[in-house]
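Position 1 is the first residue of the sequence; numbering continues from there.
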Amino acid sequence: GRRWCNAAARRRHAAAARGGPARRPARPRRALRPDRRRHRGIGGSRCRDQRPQDARSRRDRDLYRPPCLGQEAIVAGTVSATKKEDKHITAYRDHAIAIAKGMSANECMAELYGKATGCTKGKGGSMHFFSKEKRFFGGHGIVGGQIGLGAGIAFAEKYKGSDSVTLCYFGDGAARQGLLHEAFNMAVLWQLPVIFICENNGYAMGTSVERTSKVSDIYRLADGFDMPGDSVDGMSCEDVHRGIERAVKRAREGDGPTFLEIKTYRYRGHSMSDPAKYRSKDEVEEYKEKDPITEVLKVIQTRSEEHTSEL
């Protein structure tokens with residue numbers, strides 16, 4: 001990093017000595033339609049999630065990080081269907097959401113490497129990204145621990161009389177935690193403006209849903225609390241956007257919480273050290289054939305020939 005910074009500084013000084021501009025003038029940014037914002041965001045999430053893996057391969061660094069390759073449609077669809085004032089809280093697979101909520105790639109990468117310039121001063125690391133200014137409340141390492149906190153944030157917003165909605169993400173493994181049932185009960189009882197989102201990638205830390213519960217359709221857990229629940233295709237950011245949009249509308253109108261099971265798939269293991277031997281290569285390749293970025297390209301090509309030429 002230091003070598004690159006010094007080289008960049010030398011180029012700027014040389015340009016200034018020649019009487020030219022010290023840096024390239026910034027291009028004006030065009031305002032994007034909501035659908036294009038989520039289309040661009042899904043690709044950015046994939047690129048930024050890939051870079052730490054490449055860095056680890058090149059430098060052989062012991063960098064813990066749970067990758068989310070394959071799950072990008074969830075972030076693209078949820079952020080495009082919400083306002084910037086809405087609160088988001090998640091588990092330790094938090095990098096893509098942090099970037100989508102407006103945190104800079106620099107502060108997130110610095111946090112991964114424990115630097116003081118990181119979003120939590122290098123003290124939280126990969127699993128604890130946080131930004132009060134961007135309304136992103138973590139990044140939590142305790143499985144299911146953020147579910148109660150998400151309900152609490154929603155309670156605070158309702159108490160203050162705001163129209164903000166809280167989105168609380170967790171994995172299929174956390175759906176077995178007792179705190180989920182307590183939070184669901186309180187959220188329904190008090191009609192809290194919260195959307196509980198189960199990112200079901202099928203394997204939790206390495207055990208399939210079918211081996212951990214008789215009920216494989218996790219969204220049906222909402223039935224016991226008289227809470228609206230639904231299943232969403234997590235490989236399509238369009239479907240995610242529509243599902244979140246409906247739930248957000250209910251919450252803003254004072255109709256209480258919604259539970260969405262977003263069925264997705266991660267191409268890599270639970271963490272960068274997980275070889276994922278509990279599933280077959282054929283299964284992974286089958287899901288890659290319906291990759292969310294490929295599906296986004298199909299949508300763009302169908303809707304806009306002008307935008308297709310820019311790809």
Residues at least two apart in sequence or cross-chain that pass side chain to side chain donor-acceptor pair (under 3.5 Å) with Glu261, listed by chain then number, are Asn200
Who are the side-chain contact (heavy atoms from CB on, under 4.5 Å) partners of Arg220, not counting sequence neighbours?
-> Val215, Asp217, Asp223
Taking the side chain from His95 and the backbone from Tyr92, do they hold a donor-acceptor pair closer than 3.5 Å?
-> no
Distance in Å, Asp94 CG paired with Ser126 OG, rounded so as to fall on 0.5 Å steps | 6.0 Å
Is the shortest side-chain N to carboxylate O distance from Asp163 to Lys83 below 4.0 Å?
-> yes
Do side-chain atoms of Thr294 reach the backbone of Lys290 as a donor and acceptor pair under 3.5 angstrom?
-> no
Look up atom CG in Asn106 and atom NZ in Lys115, then write down how far apart they are to the nearest 0.5 Å.
-> 11.5 Å
Minimum heavy-atom distance between Thr117 and Ala110, given as atom pair plus value = OG1-CB, 3.3 Å
Using 30° and 60° as the class limits, which term best fits the ring planes of Tyr203 and Tyr278: parallel, tilted or perpendicular?
-> tilted
State which residues pass side chain to side chain donor-acceptor pair (under 3.5 Å) with Asn185; sequence neighbours excluded, sorted by chain then number.
-> none
Look at Lys249 together with Glu253 and state whether they make a salt bridge at an N to O cut-off of under 4.0 Å.
-> yes
How about Asn201 and Gln71: does a side-chain donor come under 3.5 Å of a side-chain acceptor?
-> yes
Looking only at side chains, do His241 and Ser80 share a donor and an acceptor under 3.5 Å apart?
-> yes
Is a side-chain donor or acceptor of Glu285 paired with a backbone partner of Asp282 at a separation under 3.5 angstrom?
-> no
Is the Tyr267-Tyr287 ring centre distance short of 6.0 angstrom?
-> no
Any donor-acceptor pair under 3.5 Å from Glu107 side chain to Ser104 backbone = yes
Do Ser236 and Glu295 have side-chain atoms, one donor and one acceptor, less than 3.5 Å apart?
-> no
Just by distance, do the side chain of Arg135 and the backbone of Glu133 share a donor-acceptor pair under 3.5 Å?
-> yes
Has the side chain of Thr212 got a donor or acceptor atom that lies under 3.5 Å from a matching backbone atom of Val209?
-> yes
Is it true that a side-chain atom of Glu111 and a backbone atom of Gly124 form a donor plus acceptor pair closer than 3.5 Å?
-> yes
Intermediate values then yes/no, ring pair (Phe, Tyr, Trp, His ring centres under 6.0 Å), Phe129 and Phe136 = CA-CA 8 Å; Phe129 285 7; Phe136 180 62; 7.6 Å; no
When rounded to the nearest 0.5 Å, the distance separating CD of Glu210 from OG of Ser216 is 5.5 Å
Going by the angle between their ring planes, with limits at 30° and 60°, are Trp190 and Phe155 parallel, tilted or perpendicular?
-> tilted
Side-chain donor or acceptor of Lys101 paired with backbone N/O of Lys84 under 3.5 Å | yes
Does Asp239 pair with Arg242 as a salt bridge, N-O distance under 4.0 Å?
-> yes
Are the side chain of Arg279 and the backbone N or O of Val284 linked by a donor-acceptor pair below 3.5 Å?
-> no
Please work out which of the three classes, parallel, tilted or perpendicular, describes the rings of Phe184 and Phe196, given edges at 30° and 60°.
-> tilted
If only atom types and distance count, is the side chain of Glu72 paired as donor or acceptor with the main-chain N or O of Gly70 below 3.5 Å?
-> yes
